[in-house]
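Let me begin by presenting the structure, written as structure tokens, before commenting on it.
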Amino acid sequence: MAPDSAAVEAIRVKYLGRKGLVSEIYSNLPNVPAEEKPLVGKNANILKNKVTQWLQEKGQTIEEQKRQQSSAEKRLDVTMPGAGATIGHRHILTQTVDDICRIFEGMGFVTFEGPEVETEFNNFSALNIPIDHPSRDAFDTFYVDVKDPDKKDRFLLLRSHTSPAQIRVMKKYTPPLAVIVPGKVYRPDAVDASHSFMFHQVEGLLVDEKVKFSDLKGLLTIFCQRLFGEEIKMRFRPHFFPFTEPSAEVDISCYICKGKGCSVCGRKGWLEILGSGMVHPKVFEAVGYPLKKYTGFAFGMGVERIAMLKYGINDIRLFFENDTRFSNQF
Ligand code: PHE
């Protein structure tokens, strides 16, 4: 068995230490009879050399053993189970936007994206929103400190809805067209459980010859059934938007209480999920479409609201706090 370093050290002290055997022999040498002195001296040297050599060898063995042991400890054990990497996943809002877009893409719509910084023309004027409309007020729209390059007396703004993308699409393409536009929109609202200064919308626009309101109704009915399930009930409620005529808001039977009435739907049993209508002739005029030839419909929905209803989320701020205890639930 290999001696450990303490045992080796004890042997060194015993033989070669200051009060060890070898030095004892040397210090006793004067007492040794003269004729034996050479022999005793010689043997003492031999003993000293042997012990020194032995100590050296053992020292090396111990070093070697230590080296082997530490490299064995460091060696990779390929039979150990892996630590497992945590794989990220898409945020629940991204998933909801994708779910919405996939449903419309399945019905022939093409996804289009518009910029978040827009002109007053695209966000308001072209959408038949009059110059004195309250939504143009700085209290309802974020204006950017940059002049519109095309209209030097006007400032750019952060789009307050995705509807300006309708204008961009129609200026670029001629009908028939069917597009879906997901994106961020901004409004200077005070943040609370149901308001955020930034949120997401998905806009839809379809223009062709002979498009009817019943086409819009049919399309949105199929959409809601695919997103919320076959058993969902819907109602189209007359409404007003400057850029659609006639206009309707769409309600679905409350997803939480199934229409019975609860705190989420304010005991009404219905929840508003989108705005829609037939494209206003003034909008076609703004983009230069021949009025007699085409009709179309448009709709816009709030993604956070839809995700909150679908997954029972009660505070819009949860989407933006990036707390993984929230996001890992979806
Ligand atoms: N832009 C409207 C809003 O933000 C929604 C809408 C879109 C209504 C298209 C009708 C047609 O409330």
Side-chain angles (χ1 to χ4, degrees), residues 97 100-101 104 109 111-116 118-130 133-137 139-142 157-170 177-189 194-208 211-221 223-224 234-252 271-284 286-287 289 294-306 308-309 316:
V97 168
I100 294 167
C101 291
F104 286 109
F109 282 70
T111 300
F112 180 90
E113 276 184 63
E116 288 167 29
E118 265 294 4
T119 61
E120 255 195 272
F121 180 79
N122 288 346
N123 198 80
F124 296 124
S125 312
L127 290 164
N128 193 35
I129 300 175
H133 193 278
S135 68
R136 292 205 187 212
D137 198 283
F139 292 109
D140 286 291
T141 299
F142 282 115
L157 49 79
L158 295 182
R159 65 179 175 192
S160 55
H161 51 175
T162 42
S163 301
Q166 289 185 33
I167 305 303
R168 290 184 177 267
V169 169
M170 289 190 278
L177 56 86
V179 294
I180 202 88
V181 189
K184 290 188 175 76
V185 301
Y186 301 84
R187 291 178 196 177
D189 283 330
S194 52
H195 292 89
S196 166
F197 53 83
M198 183 280 295
F199 56 99
H200 296 74
Q201 285 190 333
V202 174
E203 189 84 8
L205 173 71
L206 183 145
V207 186
D208 200 349
V211 178
K212 304 178 296 297
F213 191 89
S214 55
D215 297 325
L216 168 67
K217 207 173 166 190
L219 179 90
L220 291 179
T221 304
F223 164 71
C224 286
M234 295 174 70
R235 74 179 182 189
F236 285 71
R237 204 167 19 78
H239 197 73
F240 173 80
F241 295 106
F243 36 95
T244 49
E245 182 61 32
S247 306
E249 275 193 334
V250 175
D251 298 342
I252 54 164
L271 293 159
E272 179 234 314
I273 59 153
L274 59 84
S276 66
M278 302 304 288
V279 179
H280 197 290
K282 282 267 192 316
V283 176
F284 282 156
V287 297
Y289 275 7
Y294 300 119
T295 49
F297 59 70
F299 52 87
M301 61 191 86
V303 180
E304 282 77 0
R305 193 175 161 79
I306 287 176
M308 286 168 83
L309 296 176
I316 194 169

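If you read the sequence from its start, that first residue is 1, and numbering goes on from there. In listed order, ligands and their atoms are each counted from 1.
Note that CZ of Phe142 is 11.5 Å distant from CZ of Arg187, once rounded to the nearest 0.5 Å. Atom CE of Met198 is separated from atom CD of Glu116 by 8.5 Å, given to the nearest 0.5 angstrom. Rounding to the nearest 0.5 Å gives a distance of 10.5 Å between CG of Leu274 and CZ of Arg305.
Phe109 meets the ring pair (Phe, Tyr, Trp, His ring centres under 6.0 Å) test with Phe104; sequence neighbours excluded. Under the rule for a ring pair (Phe, Tyr, Trp, His ring centres under 6.0 Å), Phe297 has no partner lying at least two apart in sequence or in another chain. Not a single ring pair (Phe, Tyr, Trp, His ring centres under 6.0 Å) links Phe199 to another residue, sequence neighbours left out.
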I'd like a table of the close N/O pairs between ligand 1 and the protein (anything under 3.5 Å), one pair per line with both atom names and the distance.
unit_1, atom_1, unit_2, atom_2, d
ligand 1, 1 (N), His161, ND1, 3.0
ligand 1, 1 (N), Ser163, OG, 3.0
ligand 1, 4 (O), Arg187, NH2, 3.1
ligand 1, 4 (O), Gln201, NE2, 3.0

